[in-house]
Amino acid sequence: MSAPVVVFDLDGTLVDTAPDLVASLNHAVTQAGLAPVTYHDLTHLVGHGAKAMIERTFTLRGRPLSAHDLDWQMKEFVDFYHGSMPGESIPYPGVIAAMDRLAEAGYTLAVCTNKLEMLAKSLLEGLALTSRFAAITGGDTFHVRKPDAEHLLSTIRLAGGAPEKSVMIGDSLNDILVARNASVRSIGVPFGYSDVPVESLAPDLVIRHFNELTPELIERLIAQA
Ligand SMILES: O=C(O)COP(=O)(O)O
Ligand SMILES: [Mg+2]
């Protein structure tokens with residue numbers, strides 16, 4: 001019988017990556033003459049991977065972006081971001097202790113992010129978190145990514161778990177949608193980068209702080225499935 005699996009979104013859920021995302025995005029777009037973006041802009045830019053974040057920035061600034069320039073921007077962004085890791089990114093308050101509690105209770109942990117897998121793995125390595133996860137998947141690991149159910153289902157499968165005994169924890173629409181599409185229970189967190197209140201995304205549950213994330217909470221959520 002497989003252990004319950006708790007799947008974490010990365011940006012805005014497991015780790016506060018905003019300062020480094022803003023710095024790396026601005027490193028790229030300001031070279032094309034765009035005015036830098038702010039932390040506040042990020043809530044409208046993050047969640048669909050680096051390519052979408054760059055495209056959205058050019059749209060925000062009313063500037064065209066050719067396929068060639070997008071490739072150049074992606075290289076500038078990825079090289080700068082990868083080179084600066086782990087930078088100022090820090091795990092959210094209480095999440096390390098929560099993962100300790102879940103692991104001690106025999107739970108399996110995984111990461112399912114739309115960040116490029118290479119960047120996600122490099123960041124988690126830089127934060128010495130890699131060994132905690134049975135699976136780490138990015139927006140480019142499979143042929144689909146969140147909110148496509150297959151991204152989450154494949155992550156759970158890779159972690160050796162079962163969807164009906166899994167919970168997805170995330171900060172944005174893609175996370176709650178991917179869980180719903182995969183018939184997996186979902187927990188929303190309000191401190192990430194969503195452009196709407198996480199409650200409005202109708203997760204199965206909202207926790208205000210990772211101190212609330214306990215094996216008992218997960219058991220209750222899975223039992224309701
Ligand atoms: O890279 C992004 O757009 C963010 O991805 P995530 O919130 O799924 O971790
Ligand atoms: Mg997120």
Trainee: What class does the angle between the rings of His40 and His44 fall in, given that below 30° is parallel, 30 to 60° is tilted and above 60° is perpendicular?
Mentor: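 Aromatic pair His40/His44 classed perpendicular.
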
Trainee: With a 4.5 Å heavy-atom cut-off, do Val196 and Leu173 have their side chains touching?
Mentor: no

Trainee: Return yes if some donor-acceptor pair links the side-chain N/O of Asn114 with the main-chain N/O of Gly47 below 3.5 Å, else return no.
Mentor: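 Yes, because the side chain of Asn114 sits within donor-acceptor range (under 3.5 Å) of the backbone of Gly47.
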
Trainee: Side chains of Phe8 and Leu129, heavy atoms from C-beta outward: is any pair under 4.5 Å?
Mentor: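 Phe8 vs Leu129: side chains apart.
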
Trainee: Ignoring hydrogens, what is the shortest heavy-atom contact between Ala120 and Ile136? Give both atom names and the distance.
Mentor: CB-CG2, 4.5 Å

Trainee: Is there a donor-acceptor pair closer than 3.5 Å between any side-chain N or O of Ser84 and the backbone N or O of Tyr81?
Mentor: yes

Trainee: Does His82 form a side-chain contact (heavy atoms from CB on, under 4.5 Å) with Leu119? I'd like the steps, not just the answer.
Mentor: CA-CA 6 Å; His82 189 224; Leu119 289 177; 3.9 Å; yes

Trainee: Please list all pairs meeting side chain to side chain donor-acceptor pair (under 3.5 Å) that have one or both residues in residues 126-135, counting only residues at least two apart or in different chains.
Mentor: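 Sorted result for residues 126-135: Asp100-Arg132, Glu125-Thr130.
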
Trainee: Donor-acceptor pair, distance only, cut-off 3.5 Å: does the side chain of Lys115 make one with the backbone of Leu10?
Mentor: no

Trainee: So does Ser172 get a backbone contact from the side chain of Asp175, meaning a donor-acceptor N/O pair under 3.5 Å?
Mentor: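 Yes, the answer is positive, given that a donor and an acceptor are paired below the 3.5 Å cut-off.
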
Trainee: For Val189, does its backbone N or O pair with a side-chain atom of Asp171 as donor and acceptor, under 3.5 Å?
Mentor: no

Trainee: Can you tell whether the side chains of Glu216 and Arg101 come within less than 4.0 Å, N to carboxylate O?
Mentor: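 So Glu216 does not pair with Arg101 through a salt bridge.
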
Trainee: Has Ser122 got a side-chain atom pairing as donor or acceptor with Met118's backbone, closer than 3.5 angstrom?
Mentor: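 No, Ser122 side chain to Met118 backbone: no donor-acceptor pair under 3.5 Å.
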
Trainee: Going by heavy atoms in the side chains, are Phe142 and Thr155 under 4.5 Å from each other?
Mentor: yes

Trainee: Enumerate donor-acceptor pairs with a distance under 3.5 Å from any side-chain N or O in residues 218-225 to protein atoms, sequence neighbours excluded.
Mentor:
unit_1 : atom_1 : unit_2 : atom_2 : d
Glu219 : OE2    : Tyr107 : OH     : 2.7
Gln224 : OE1    : Arg185 : NH2    : 2.9

Trainee: Look only at the side chain of Thr214 and the backbone of Leu217, and say whether a donor-acceptor pair between them is shorter than 3.5 Å.
Mentor: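 Checked: pair present.
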
Trainee: Please list, one pair per line, the donor and acceptor atoms closer than 3.5 Å that link side chains of residues 87-99 to other protein atoms, with sequence neighbours excluded.
Mentor:
unit_1 : atom_1 : unit_2 : atom_2 : d
Ser89  : OG     : Asp20  : OD2    : 2.6

Trainee: For His48 and Arg145, run side-chain contact (heavy atoms from CB on, under 4.5 Å): C-alpha distance rounded to whole Å, both residues' side-chain angles, the deciding distance at 0.1 Å, then the answer.
Mentor: CA-CA 9 Å; His48 299 266; Arg145 65 180 182 183; 4.1 Å; yes

Trainee: Should Leu70 and Phe58 count as side-chain neighbours, where that means a heavy-atom distance under 4.5 Å?
Mentor: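 When only atoms from C-beta onward are counted, Phe58 and Leu70 do not touch, as no gap falls below 4.5 Å.
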
Trainee: For the pair Ser186 (side chain) and Asp204 (backbone), establish whether a donor and an acceptor sit closer than 3.5 Å, ignoring hydrogens and angles.
Mentor: yes

Trainee: Salt-bridged, Glu212 to Arg208, with N to O below 4.0 Å?
Mentor: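 No, Glu212 and Arg208 are not salt-bridged.
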
Trainee: Which residue, Val29, Asn26, Leu60, Leu25, forms the side chain to side chain contact (heavy atoms under 4.5 Å, CB included) with Leu34?
Mentor: Val29

Trainee: Is the shortest heavy-atom distance from the side chain of Thr43 to the side chain of Ser194 under 4.5 Å?
Mentor: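 No. Closest side-chain heavy atoms not under 4.5 Å.
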
Trainee: Within this structure, what is the OG1-CE distance for the pair Thr17 and Met85, rounded to the nearest 0.5 Å?
Mentor: 8.5 Å

